[in-house]
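Owing to the predicted nature of the structure, the values given are computational and were not obtained by experimental measurement. As a basis for the values below, the full set of heavy atoms in this structure was taken, side chains included, without hydrogen atoms, waters or symmetry mates.
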Amino acid sequence: MSRRNIAALVAMLALGVGIFWYELRATNLQQLAHDLMHLNFWWLGVAALCMGFYWLFEAFVVKVLLKKRVEKFSLKNALRIPLVEQLFNSITPFSSGGQPAQLVALMQSGIDGGRASSLLLMKFVVFQAMVLINFILTLVFGFHLVAAKFTYLAWLVVFGFVMHLTVIAGLLMVMYWYNFTKKLVHLCLRPLKLFMKAERVAKIREQLDHKIDNFYAESLRIKRDTKTIVVASLLTFIQLIFYYSVPYFVLLSLGLTKVNFFEVLVMHIMIVMIISLFPIPGGSGGAELSFKALFATFITSNSKLVLAMILWRVMTYYLGMFIGMFAMVVKPDKVVELKDQT
């Protein structure tokens with residue numbers, strides 16, 4: 001990790017401590033200690049296990065997408081990818097550092113940079129598509145749970161949904177209307193010439209063209225291999241269900257045994273939508289605020305609510321950050337690339 005990344009890591013840990021301290025100020029610490037002492041660590045372990053399966057299924061997706069590209073890509077190598085991604089997503093705005101970090105991790109395993117970029121593009125498409133499907137199912141079957149009580153959060157959820165839909169629409173346009181999409185991108189870049197140097201705009205255009213060309217070339221290969229994309233999509237859907245289930249087991253660990261699994265799942269998906277709108281790494285601040293607002297309907301005790309928020313944040317954010325640091329120092333196994341058969 002560079003000094004800049006280390007500084008970002010320290011800053012996010014400090015911010016997290018600050019947010020937790022702020023939340024604890026108005027909390028009865030004696031009651032909080034009582035709740036902590038009576039935690040059901042078995043259920044908390046299940047929550048941690050859900051995160052473990054979340055990363056494991058993402059590793060399976062990597063292996064599936066690489067199956068016809070490299071020879072014997074080990075599970076150890078595959079697990080490094082989501083863990084490294086988790087670390088850099090956690091310390092960069094809008095999770096922008098995850099993709100480059102995965103690219104470096106794949107190249108460290110001996111995979112060509114071009115192939116690694118193509119794989120990550122398709123992995124991103126599959127992930128975004130499955131996130132969108134979960135969003136749609138939530139909006140259809142559970143949006144009323146939020147809209148009825150939290151109008152302001154409901155608008156944030158809708159905005160998050162529109163953003164994800166726009167991303168998927170843009171990617172599909174590249175796949176099926178390649179020439180039109182390139183012309184549209186060039187048209188959208190023209191206003192930049194009003195306040196940027198022509199050389200700078202030309203460089204941006206060249207970079208975008210390169211990314212569009214790479215993605216289009218990979219999409220042609222994927223469209224000829226429907227089975228791979230279907231398997232990767234199913235694995236990603238299961239992966240997300242494990243992630244969305246974490247708060248349910250956190251609540252069970254606090255003795256809240258009467259909570260409805262589906263309602264908790266819906267609430268967590270809503271929170272993920274809202275977090276995606278915050279530029280601060282990990283959605284810090286917005287994540288904690290939305291969790292407390294939505295889960296206050298399940299938890300009447302303020303001390304339990306704050307403890308649930310802290311445990312959820314540790315499981316879904318800080319745990320991956322620390323395991324990701326360990327993954328960074330693990331030496332990957334070198335692989336042999338297979339000749340492209342398409």
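When atom types are taken as modelled, the side chain of Thr92 and the backbone of Gly97 share a donor-acceptor pair closer than 3.5 angstrom. A side-chain donor-acceptor contact under 3.5 Å links Thr181 to the backbone of Met173. Using modelled atom types, no side-chain atom of Asn77 and backbone atom of Pro332 make a donor-acceptor pair closer than 3.5 Å. For the pair Thr138 (side chain) and Asn134 (backbone), a donor-acceptor distance under 3.5 Å is present.
Lys304 NZ to Leu39 CG: the interatomic distance, rounded to the nearest 0.5 Å, is 9.0 Å. Here the CD atom belonging to Gln239 is positioned 9.5 Å from the OH atom belonging to Tyr244, to the nearest 0.5 angstrom. A distance of 8.0 Å separates CD1 in Ile323 from CE in Met51, rounded to the nearest 0.5 Å. Atoms CG and OG, on Leu319 and Ser90 in that order, are 10.0 Å from each other to the nearest 0.5 Å. Taken to the nearest 0.5 Å, the CH2 atom of Trp42 stands 9.0 Å off from the CG atom of Leu252. Between atom CG of residue Leu36 and atom CD of residue Gln31 there is a gap of 11.5 Å, rounded to the nearest 0.5 Å.
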message: I'd like to know whether Glu23 forms a salt bridge (charged side-chain N to carboxylate O under 4.0 Å, His left out) with Arg313, so could you lay out the CA-CA distance, the side-chain angles of the two residues, the decisive distance to 0.1 Å, and finally the verdict.
response: CA-CA 13 Å; Glu23 293 293 344; Arg313 200 65 171 140; over 6 Å; no

- request: Check the pair Met309, Phe20 against side-chain contact (heavy atoms from CB on, under 4.5 Å), reporting the backbone distance first and the verdict last.
  value: CA-CA 9 Å; Met309 182 269 292; Phe20 290 163; 4.0 Å; yes

- request: Could you go through the side-chain contact (heavy atoms from CB on, under 4.5 Å) check for Tyr318 and Ile310 one step at a time?
  value: CA-CA 10 Å; Tyr318 296 103; Ile310 292 174; over 6 Å; no

- request: Apply ring pair (Phe, Tyr, Trp, His ring centres under 6.0 Å) to Tyr243 and His268, showing your working.
  value: CA-CA 9 Å; Tyr243 179 75; His268 197 200; 5.2 Å; yes

message: If you apply the rule side-chain contact (heavy atoms from CB on, under 4.5 Å), what do you find for Leu24 with Trp21, and how did you get there?
response: CA-CA 5 Å; Leu24 289 170; Trp21 173 80; 5.7 Å; no

query: Should Leu119 and Ile111 be marked as a side-chain contact (heavy atoms from CB on, under 4.5 Å) after you check the CA-CA gap, both sets of side-chain angles, and the distance that decides it?
result: CA-CA 10 Å; Leu119 175 141; Ile111 298 173; over 6 Å; no

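When side chains are defined from C-beta on, Leu13 counts as touching Phe322, because their heavy atoms get closer than 4.5 Å. Between Tyr216 and Leu121 there is no side-chain heavy-atom pair separated by less than 4.5 Å. Side-chain contact between Lys182 and Val174: absent, with no pair of heavy atoms (C-beta onward) separated by less than 4.5 Å. Contact of the Met130 side chain with the Ile133 side chain is registered, since non-hydrogen atoms from C-beta on lie closer than 4.5 Å. Between Phe262 and Met267 there is no side-chain heavy-atom pair separated by less than 4.5 Å. Using a 4.5 Å heavy-atom threshold, the side chains of Phe88 and Asn5 count as touching. Considering only heavy atoms from C-beta on, Leu189 comes within 4.5 Å of Leu192 through its side chain.
Counting non-hydrogen atoms of other residues, nucleotides and ligands closer than 6.0 Å to CZ of Phe53 gives a total of 12 or fewer. Atom NE2 of His186 is surrounded by more than 12 heavy atoms from other residues, nucleotides or ligands within 6.0 Å. In Gln207, the CD atom is crowded: over 12 heavy atoms of neighbouring residues, nucleotides or ligands sit closer than 6.0 Å. A 6.0 Å sphere centred on CE of Met107 holds no more than 12 heavy atoms belonging to other residues, nucleotides or ligands.
In plain terms, the two heavy atoms of Asn302 and Ala26 that are nearest each other are ND2-O, 3.6 Å. Here the closest heavy-atom approach between residue Phe295 and residue Pro247 is recorded as CZ-CB, 3.9 Å.
Remark: Ser117 pairs with no residue by the side chain to side chain donor-acceptor pair (under 3.5 Å) rule, at least two apart or across chains. In terms of the salt bridge (charged side-chain N to carboxylate O under 4.0 Å, His left out) criterion, residue partners of Lys76 (sequence neighbours excluded) are, by chain and number, Asp333. Under the rule for a side chain to side chain contact (heavy atoms under 4.5 Å, CB included), the partners of Phe261 that lie at least two apart in sequence or sit in another chain are Ser245, Tyr248, Leu265.
There is no side-chain donor-acceptor pair under 3.5 Å between Ser303 and Asn28. Side-chain contact annotation: Gln102 with Lys123, donor-acceptor N/O pair under 3.5 Å present.
Aromatic ring centroids of Phe124 and Phe127 lie 6.0 Å or more apart.
Exactly one of Leu240, Val62, Val64, Val126 qualifies for a side-chain contact (heavy atoms from CB on, under 4.5 Å) with Leu235. That residue is Val64.
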